[in-house]
Amino acid sequence: MSFNIKNNVHWVGKIDWELKKFHGDEYSTHKGSSYNSYLITEDKTALIDTVWEPFSGEFISRLSETVDLKKIDYIIVNHGEVDHSGSLPELMRLIPETPIYCTANGVKSLKGQYHKEWNYKTVKTGDRLNLGSKDLVFVEAAMLHWPDTMFSYLTGDNILFSSDAFGHHYASELMYNDLVDQYELLHECIKYYANILTPFNKMVTKKIQDVTAMNLPLDIICPSHGVMWRKDPAQIIKKYMEWADSYKENQITVIYDSMWNGTRIMAENIVRGIREGDPGVVVKMLKISTGDKNDIITEVFKSKGLIVGSPTVNRGILSGVAGIMEEIKGLGFKGKKGGSFGTYGWSGESVKLLNGLLAESGFEVSDEGLRSQWNPDGDTAAKCFEYGKNFALKA
Ligand code: FEO
């Protein structure tokens with residue numbers, strides 16, 4: 001399928017309806033995804049990015065129906081990760097001399113992955129590639145989300161090809177932001193930001209400020225995943241500015257794992273207490289081992305406070321809790337409060353360990369957490385209730 005976007009600009013990517021896990025098993029894609037490749041057929045013909053390797057045959061076959069491959073004058077690689085560059089080896093076997101425009105880091109990334117001496121042309125911010133009456137203008141966008149990333153902007157049609165930025169894992173043949181379910185779209189966008197872009201908040205803010213200062217008229221944003229932003233494209237830029245600024249909503253999230261339900265009972269009473277302390281706050285209680293890691297991270301991203309629970313096992317915490325805490329640490333959340341709780345039978349180290357992990361991960365931890373030996377009784381349930389209430393009052 002190819003799809004005309006505007007004048008001589010076409011979408012020639014692949015919608016992956018069946019994708020449920022991305023980045024290996026690291027990212028859940030409940031709604032599938034798409035690998036967006038774009039073809040511009042002005043006096044000169046330019047192809048922006050390709051699709052993931054498993055779809056390379058299909059991609060090249062459909063691309064050949066849209067354009068004579070030998071007439072492609074330029075290939076633009078906005079970002080070298082395999083979901084966008086994976087079809088290059090097969091394409092380059094057919095048109096080996098075609099120049100590939102990318103950043104200096106893009107060359108490193110492509111050479112490192114494919115070990116090919118293709119006809120690389122290195123570009124920097126402000127460089128232009130003339131296509132006839134229109135130009136492609138390149139803007140380096142390092143760490144949105146790889147060091148090699150760049151944006152490409154098409155003058156005349158006022159289209160920003162933004163690579164992974166402003167993208168989302170969302171399969172839809174409706175193609176445009178104004179045609180799809182708005183709740184689903186926003187949810188997939190915030191999930192994408194929370195799980196992938198949070199560590200690069202400062203770069204996101206700076207890059208948006210730089211691009212805004214260029215005063216480029218903007219009619220459409222074409223990201224590398226998901227639908228294109230044609231209706232009020234600035235809305236997703238505004239969202240990114242909010243999300244990059246220590247984002248939090250009026251929400252407290254309680255995450256936990258439990259071996260014999262003691263820690264679960266603590267969680268339930270803490271949640272009751274939070275509701276008492278702040279009846280207006282959104283409270284989410286999520287079990288880690290049966291939940292989806294990326295959905296949990298998204299809820300943490302939205303929260304002003306996170307309370308984590310684990311029983312003590314082998315003087316440590318449960319492996320599922322340790323795993324998600326490692327992920328949370330890497331994302332580098334800012335401006336959130338943290339608390340901890342857990343049951344124990346003998347030694348009881350889990351709460352102290354959790355508080356340490358939360359502090360290391362940038363959370364503001366202002367109490368020692370709450371431990372319960374053996375199964376929680378009525379007295380412990382009351383302490384959990386008070387803990388939750390006080391946490392809500394401070395958060
Ligand atoms: Fe969609 Fe960073 O690749």
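The basis for the numbers below is simple: all heavy atoms, side chains too, and nothing from hydrogens, waters or symmetry mates.
Checked against W243 for a ring pair (Phe, Tyr, Trp, His ring centres under 6.0 Å), the options Y192, F333, F166, Y193 give a single hit: Y193.
Note: H225 and F22 have perpendicular aromatic rings, judged against thresholds of 30 and 60 degrees for the angle between ring planes. In this structure, Y101 and Y74 have perpendicular ring planes: the angle between them is above 60°, well past the 30° mark. Using cut-offs of 30° and 60° on the angle between ring planes, the pair H145 and H23 is tilted.
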| said: Could you walk me through whether L131 and D43 satisfy the side-chain contact (heavy atoms from CB on, under 4.5 Å) test, starting with their C-alpha distance in whole Å, then the side-chain angles of each, then the deciding distance to 0.1 Å, before giving a yes or no? | reply: CA-CA 6 Å; L131 304 180; D43 293 348; over 6 Å; no
| request: Tell me, with the steps shown, if S56 and S87 meet side-chain hydrogen bond (donor to acceptor under 3.5 Å, both in side chains). | output: CA-CA 5 Å; S56 59; S87 297; 4.5 Å; no
| field | Worked verdict on Y387 versus D367 for side-chain hydrogen bond (donor to acceptor under 3.5 Å, both in side chains) | value | CA-CA 10 Å; Y387 185 81; D367 61 61; 2.9 Å; yes
| request: Test side-chain contact (heavy atoms from CB on, under 4.5 Å) on V254 and L286 and set out the steps. | output: CA-CA 6 Å; V254 178; L286 303 163; over 6 Å; no
| task | Evaluate side-chain hydrogen bond (donor to acceptor under 3.5 Å, both in side chains) for D164 paired with H84, printing each intermediate quantity in order. | result | CA-CA 10 Å; D164 283 329; H84 310 298; 3.0 Å; yes
| message | Evaluate H168 against W229 for ring-ring contact (aromatic ring centres under 6.0 Å, His included), listing each step before the verdict. | response | CA-CA 11 Å; H168 36 278; W229 299 90; 5.7 Å; yes
| request: Carefully, step by step, assess N105 and T103 under the rule side-chain hydrogen bond (donor to acceptor under 3.5 Å, both in side chains). | output: CA-CA 5 Å; N105 278 329; T103 61; 5.5 Å; no
| field | Evaluation steps, side-chain contact (heavy atoms from CB on, under 4.5 Å), between H10 and F3 | value | CA-CA 5 Å; H10 317 270; F3 182 88; over 6 Å; no
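A salt bridge is absent between K21 and E26; no separation between the charged side-chain nitrogens and carboxylate oxygens falls under 4.0 Å. Using a 4.0 Å cut-off between charged nitrogen and carboxylate oxygen, K329 and E360 count as a salt-bridge pair. A salt bridge does not link E249 with K304: none of the charged nitrogens is closer than 4.0 Å to a carboxylate oxygen. Under the 4.0 Å criterion applied to side-chain N and carboxylate O atoms, K6 and D219 are assigned as salt-bridge partners. The residues E299 and K302 are annotated as salt-bridged, a charged nitrogen and a carboxylate oxygen being separated by less than 4.0 angstrom. Salt-bridge annotation for D295 and K191: present, with a side-chain N of the basic residue lying under 4.0 Å from a carboxylate O of the acidic one. Between E140 and K124 there is no salt bridge, since none of the side-chain N atoms of the basic residue sits less than 4.0 Å from a carboxylate O of the acidic one.
Nearest approach of A165 to S162, heavy atoms of both residues: O-OG, 2.8 Å.
Counting heavy atoms from C-beta on, the side chains of D278 and N250 come closer than 4.5 Å. Residues Y27 and K293 fail the side-chain proximity criterion, which asks for heavy atoms closer than 4.5 Å. Within the 4.5 Å cutoff, no side-chain heavy atoms of T41 are placed close to those of T66. For the pair L306/L358, a side-chain contact is recorded, criterion being any heavy-atom separation below 4.5 Å from C-beta on. With a 4.5 Å cut-off on side-chain heavy atoms, R272 and F385 count as touching. Inter-residue side-chain proximity for I297 and E327 is flagged as met; some heavy-atom pair is nearer than 4.5 Å. Between V211 and V139, the closest side-chain pair of non-hydrogen atoms falls below 4.5 Å. A heavy-atom distance below 4.5 Å is not found between the side chains of R264 and K287.
Hydrophobic clustering of Ile, Leu, Val, Met, Phe, Trp and Tyr side chains at less than 4.5 Å, counting indirect connections, unites L218 with L136. If you chain together hydrophobic residues whose side chains sit under 4.5 Å apart, Y183 and L174 never meet in one group.
Between the side chains of S340 and N355, at least one donor N or O sits under 3.5 Å from an acceptor N or O. Side chains of E97 and N119: no donor on one and acceptor on the other come within 3.5 Å. When only modelled atom types and interatomic distance are considered, H169 and T29 share no side-chain donor-acceptor pair under 3.5 Å. Side-chain contact, Y35 with D16: a donor N or O sits under 3.5 Å from an acceptor N or O. Side chains of N78 and S152: a donor-acceptor N/O pair is present below 3.5 angstrom, by distance only.
Judged purely by atom type and a 3.5 angstrom limit, N314 has no side-chain atom pairing as donor or acceptor with the backbone of G316. No donor-acceptor distance shorter than 3.5 angstrom exists from the side chain of D157 to the backbone of I159, with no hydrogens or angles considered. At least one donor-acceptor pair under 3.5 Å links the side chain of S350 to the backbone N or O of S310.
Figure legend: cation-pi geometry between R128 and F138 absent, as NZ or CZ is not positioned both under 6.0 Å from the six-membered ring centre and within 45° of its axis. No cation-pi contact links K116 to Y114, judged by a cut-off of 6.0 Å to the six-membered ring centre and 45° from its axis.
With rounding to the nearest 0.5 angstrom, the CG atom of L370 is 6.0 Å from the CD1 atom of I270.
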